[in-house]
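Numbering of ligands and ligand atoms starts at 1, following listing order.
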Amino acid sequence: MEREIFNFFTTLVEKVSGISYQAGKEYLLENRLNELALSLGYKGIKDFYEAVRKNLTPRLLNQIIDTLTTNETYFFRDQHPFEALKKHIFPELFKKREQEKRIDIWSSACSTGQEPYSIAMLLKEYFSAYLTQYKVNIYATDISESAIKKAKEGIYNQIEVNRGLPITFLVKYFKQEGGNWRIDESLKGMVRFEILNLLDVPKKVKDKFDLILCRYVLIYFNKEVKKNVFLALWKCLKSGGYLLLGATELPPITPPDMEKKILGNTTVFYKK
Ligand SMILES: C[S@@+](CC[C@H](N)C(=O)[O-])C[C@H]1O[C@@H](n2cnc3c(N)ncnc32)[C@H](O)[C@@H]1O
């Protein structure tokens, strides 16, 4: 791919979403854009580039962002954080919020829904008594329109349900439909999905949360964006709440009211 085209698309995607395609990732960008260009009826990337430069419609921009995001996810990803939620965090939060009888959870880069649905299943399975007394809101957002569409549908293929989902949960919380599995309506009803760009958090999210998951998304951002997004999320966390990153991720900055806690095999970030 010509340098000019690579620079054009990397600048565009970084400005809009924060995702940084560094040099060396040309092949990935090229493959993804090529596929999109052909699916839209263009001859190739060059053709597509000319069209985008002439008239970048919001629809086209969405399709480009959609194509250039990595939506890799699976149920109960990394397992340990869900153990920490089950054994430590949820028992503590239910106790702490005894007066308000309300818990607010945010899966802030939820991809196709496996992360928030894993939380919904965990709550239903182990905290059902609380669910009848407390209002538990699970807010789940992602920049990718197609990922949110799939998450809202809640239909997964055999390969997707084979990844991380215990068989007992599959049988209990999904219905088979041909070769696919549809998640139970009661779980769907626990989650509110929305398209949201993490760069827009300061101006769009006014709510405060007891638990925020921001897993495997900061890794795609440059240093500056990483810091800004992290701080914006930290601001949305209630005092006494927890923020979870991916297992291999570290906070890009240490706010003074942050305490690192090790719960079993997982590290979490607690707001004092
Ligand atoms: C690798 S997935 C991680 C999904 C899930 N958190 C997990 O750990 O399994 C990263 C997600 O971040 C989303 N993403 C990337 N940039 C974003 C942005 N600026 N705002 C919101 N979501 C973004 C992508 O669309 C993708 O679905």
Exercise. Among Trp106, Trp234, Tyr270, Phe209, which residue meets the ring-ring contact (aromatic ring centres under 6.0 Å, His included) test with Tyr242?
Worked result: Tyr270
Check each heavy atom of [X] against ligand 1 and say whether those closer than 4.0 Å belong to the side chain, the backbone, both or neither.
X	answer
Thr141	neither
Phe221	side chain
Arg215	both
Ala109	both

My understanding is that only one of [options] makes a side chain to side chain contact (heavy atoms under 4.5 Å, CB included) with [X]; could you say which?
X	options	result
Ser111	Asp142, Val217, Ile148	Asp142
Tyr42	Val52, Asp47, Asn34	Asp47
Asp210	Arg102, Glu100, Lys238, Lys271	Lys238

Ligand-side contact atoms (ligand 1) for residue partner [X], heavy atom cut-off under 4.0 Å:
X	result
Ser111	4 (C), 27 (O)
Leu198	18 (C), 19 (N), 20 (N), 21 (C)
Leu196	20 (N), 21 (C)
Tyr220	1 (C)
Glu115	5 (C), 6 (N), 7 (C), 8 (O)
Ser144	25 (O)
Asn71	24 (C), 25 (O), 26 (C), 27 (O)

Exercise. Considering residues, nucleotides and ligands other than Lys96, do more than 12 of their heavy atoms fall under 6.0 Å from its NZ?
Worked result: yes
Exercise. Heavy-atom contact under 4.0 Å between Val16 and ligand 1?
Worked result: no
Problem set entry | Ser17 touching ligand 1 at heavy-atom level, < 4.0 angstrom | yes
Has ligand 1 got any nitrogen or oxygen that is less than 3.5 angstrom from a nitrogen or oxygen of [X]?
X	value
Ile143	yes
Ile19	no
Asn197	yes

Seminar exercise, completed: Of Thr73, Ile195, Thr70, the residue with the heavy atom nearest atom 2 (S) of ligand 1 is Thr70
Problem set entry | salt bridge (Lys or Arg N to Asp or Glu O under 4.0 Å) between Lys226 and Glu249, intermediate numbers included | CA-CA 11 Å; Lys226 231 182 233 182; Glu249 298 176 87; over 6 Å; no
Exercise. Do Lys54 and Glu50 pass the salt bridge (Lys or Arg N to Asp or Glu O under 4.0 Å) test, and can you show the C-alpha distance, the side-chain angles, and the key distance before you say yes or no?
Worked result: CA-CA 6 Å; Lys54 252 191 231 143; Glu50 301 295 349; over 6 Å; no
Centres of the [X] and [Y] rings: under 6.0 Å?
X	Y	answer
Phe169	Phe75	no
Phe230	Phe269	no
Phe82	Phe90	no

For this session: State, to 0.1 Å, how close Arg32 and Thr69 come at their nearest heavy-atom pair, and which atoms those are.
Result: NH1-O, 3.7 Å
Please write down residue, atom name and distance for the protein heavy atom closest to [atom].
atom	result
atom 12 (O) of ligand 1	Val217 CG2, 3.3 Å
atom 8 (O) of ligand 1	Arg77 NH1, 3.1 Å
atom 27 (O) of ligand 1	Asp142 OD2, 2.7 Å

For this session: Using the six-membered ring of Tyr216, assess whether NZ or CZ of Arg77 lies under 6.0 Å from its centre and within 45 degrees of the ring axis.
Result: yes
